[in-house]
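The structure appears right after this line, and notes come after that.
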Amino acid sequence: MTSHHRPSVATAWTRASLLLFICCAIFADGAHRALAAQRPAVRPQYLRGVSSAAEKRSSTIVDPPPVFDKAAPSPSETSASCPGCLKSFWLVNTRCLPTVGCCSSAPFTPQVAICTCGQGCAPATLDDLLAEDSSDWFTVFFVHGNLTSYQDSIDLGHQLRAQLPERVCSGQPVRLIVWTWPSDSDVGRLRDDTALAGSRAATESYYLGRFATMLHVDQRMLVIGYSFGARITTGTLHLLAGCPLGGRHLADQHAPSNDLQAPRMRAVLLAAAIDVDWLIPGHFHGAAMVPVERMAITINPRDLALKKYRMAEKRNAPEPIGKVGPPLNAMGSGAAKIVTTNVASELGIRHGSPYYFASGQVMNLIRGEL
């Protein structure tokens with residue numbers, strides 16, 4: 001009898017084991033499906049590195065790079081929010097002009113336009129601009145920095161225009177002239193881009209100096225130079241003092257007269273990309289403080305772009321003035337004309353004209369010079 005029941009017991013255990021295995025398999029499959037629904041799908045192997053790198057960049061980037069067309073307020077916003085602000089500005093475009101080499105010169109024949117809020121930019125001529133020139137104006141120049149396209153310069157002009165008054169406290173009407181120069185990059189390498197901008201900056205100083213001598217000498221002028229635009233600004237002042245710049249002179253065959261008189265000038269240097277020793281008498285822009293009434297300089301030791309200044313220059317460059325400030329002890333009588341403002345607490349690591357024009361501290365500084 002015992003031997004008769006043993007096959008039945010074995011068969012029963014086999015069936016039970018099989019049933020238990022099937023139940024466990026069903027349970028495990030259900031659990032796997034539930035977990036798969038809760039977690040993202042696994043990316044292919046060739047995309048895993050891209051994903052992790054992008055996630056790493058998003059976690060380390062503190063601030064996005066400036067986007068000029070988004071940073072500038074729209075015409076509808078500016079006209080509604082600032083009824084007393086400027087409604088238009090002049091655009092002087094030297095992108096079509098040749099580079100002026102050492103000991104050479106060129107006629108000043110820029111392209112000119114007038115840009116109006118809500119109406120775009122209309123072509124004009126240099127004669128049109130000079131025809132309205134008089135002693136009544138308080139003229140504000142803005143010279144943009146490197147890696148700025150033609151459209152960027154227009155957007156920046158609108159952003160600045162919307163924050164300038166139509167008249168200063170003395171009653172003088174204000175006009176804005178945006179100086180747009182060939183600062184686009186076709187190279188893509190930091191040092192090469194910087195070298196191209198540096199070589200062109202001396203040419204732009206020559207052209208801007210030439211233009212300044214065409215204006216009425218009894219008007220007031222404020223030149224705002226940003227980054228490499230600050231280099232153009234101080235180079236212009238050096239030339240207006242009658243000194244040569246890399247072999248270039250304003251008193252050449254293209255000068256309307258031997259008189260280099262220019263309007264009464266003040267300057268604001270924002271994130272200035274010039275060597276800290278250039279304004280010392282006898283140095284590269286050492287005469288820049290002679291024709292200027294006053295110069296306001298922002299300082300930001302945290303600026304990421306200014307921290308790379310020495311690496312970007314193809315020479316053993318010292319620190320930039322925009323990072324460490326001017327060497328007042330070595331500047332003689334010119335030091336009394338300089339005021340400095342530390343903007344690190346408000347701007348932090350940011351470098352870009354839109355950030356500066358969006359800064360209340362910076363705009364109060366600019367409006368204070370008016």
Taking the side chain as every heavy atom from C-beta outward, state whether [X] and [Y] have any atom pair closer than 4.5 Å.
X	Y	result
Leu126	Thr109	no
Val324	Pro301	no
Ser153	Leu91	yes
Tyr207	Leu97	yes
Leu129	Asp127	no
Ser227	His351	yes
Pro320	Ile274	no
Leu370	Leu222	yes

I'd like to know if the side chain of [X] pairs up with that of [Y] as donor and acceptor (distance under 3.5 Å, no hydrogens or angles considered).
X	Y	result
Gln219	Ser134	no
Ser88	Arg161	no
Asp155	Gln151	yes

Inter-residue atom distance [X].[atom1] - [Y].[atom2], 0.5 Å rounding:
X	Y	atom1	atom2	value
Gln361	Leu347	CD	CG	7.0 Å
Gln163	Asn364	CD	CG	10.0 Å
Arg200	Ile232	CZ	CD1	8.5 Å
Ile297	Leu365	CD1	CG	10.5 Å
Ser205	Leu245	OG	CG	5.5 Å
Cys121	Ile114	SG	CD1	9.5 Å

Does [Y] offer a backbone N or O that forms a donor-acceptor pair with the side chain of [X] under 3.5 Å?
X	Y	answer
Asn93	Pro110	no
Thr298	Ala271	yes
Arg210	Leu250	yes
His283	His285	no
Gln159	Ser353	no
His144	Gly229	no
Lys337	Met289	yes
Asp303	Leu306	yes
Tyr150	Trp181	no
Asp128	Ala124	no

Connected via hydrophobic side-chain network under 4.5 Å: [X] and [Y]:
X	Y	value
Val217	Leu208	no
Leu86	Tyr356	yes
Val178	Trp137	no
Ile299	Val343	no
Val140	Val339	no

Open item on the list: Under the criterion side chain to side chain contact (heavy atoms under 4.5 Å, CB included), I'd like the reasoning laid out for Val92 against Gln111: C-alpha separation, chi angles, the key distance, then a yes or no.
Closed with: CA-CA 6 Å; Val92 177; Gln111 296 176 345; over 6 Å; no
Could you check whether the rings of [X] and [Y] sit parallel, tilted or perpendicular, using 30° and 60° as the cut-offs?
X	Y	value
Phe357	Phe142	perpendicular
Phe211	Trp179	tilted
His158	Phe89	perpendicular

If every non-hydrogen atom of [X] is compared with every non-hydrogen atom of [Y], which pair is closest and at what distance?
X	Y	value
Phe138	Glu369	CZ-O, 3.8 Å
Pro244	Leu239	C-CD2, 4.2 Å
Ala287	His238	N-ND1, 3.1 Å
Thr233	Gly225	OG1-CA, 3.5 Å
Pro263	Met221	CG-CE, 3.6 Å
Leu240	Ala212	CD1-CB, 4.2 Å

Open item on the list: Between Glu204 and Arg231 (salt bridge meaning N to carboxylate O under 4.0 Å), is one present in this structure?
Closed with: no
Task: Salt bridge present between Arg175 and Asp133 (N-O < 4.0 angstrom) - done: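 Between Asp133 and Arg175 there is a salt bridge, with a charged N closer than 4.0 Å to a carboxylate O.
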Task: Ser183: which of Leu147, Thr148, Asp152 passes side-chain contact (heavy atoms from CB on, under 4.5 Å) - done: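 When Leu147, Thr148, Asp152 are each tested with Ser183, the side-chain contact (heavy atoms from CB on, under 4.5 Å) holds only for Thr148.
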- [ ] Could you please spell out the steps behind the side chain to side chain contact (heavy atoms under 4.5 Å, CB included) verdict for Arg294 and Met265?
- [x] CA-CA 8 Å; Arg294 188 159 103 151; Met265 302 180 72; over 6 Å; no
Task: CA sep, side-chain torsions, deciding dist, call: Gln172, Arg220, side chain to side chain contact (heavy atoms under 4.5 Å, CB included) - done: CA-CA 9 Å; Gln172 284 181 289; Arg220 304 292 300 278; 3.7 Å; yes
Task: Trace of the side chain to side chain donor-acceptor pair (under 3.5 Å) decision for Thr180 with Arg95 - done: CA-CA 7 Å; Thr180 179; Arg95 296 170 185 265; 2.9 Å; yes
- [ ] Decide if atom CG of Asn329 counts as having more than 12 heavy atoms of other residues, nucleotides or ligands within a radius under 6.0 Å.
- [x]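 No, because the 6.0 Å sphere around CG of Asn329 holds 12 heavy atoms or fewer from other groups.
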TODO: Step by step, work out the side chain to side chain contact (heavy atoms under 4.5 Å, CB included) result for Glu319 and Arg310.
DONE: CA-CA 6 Å; Glu319 296 283 9; Arg310 300 183 66 186; 3.8 Å; yes
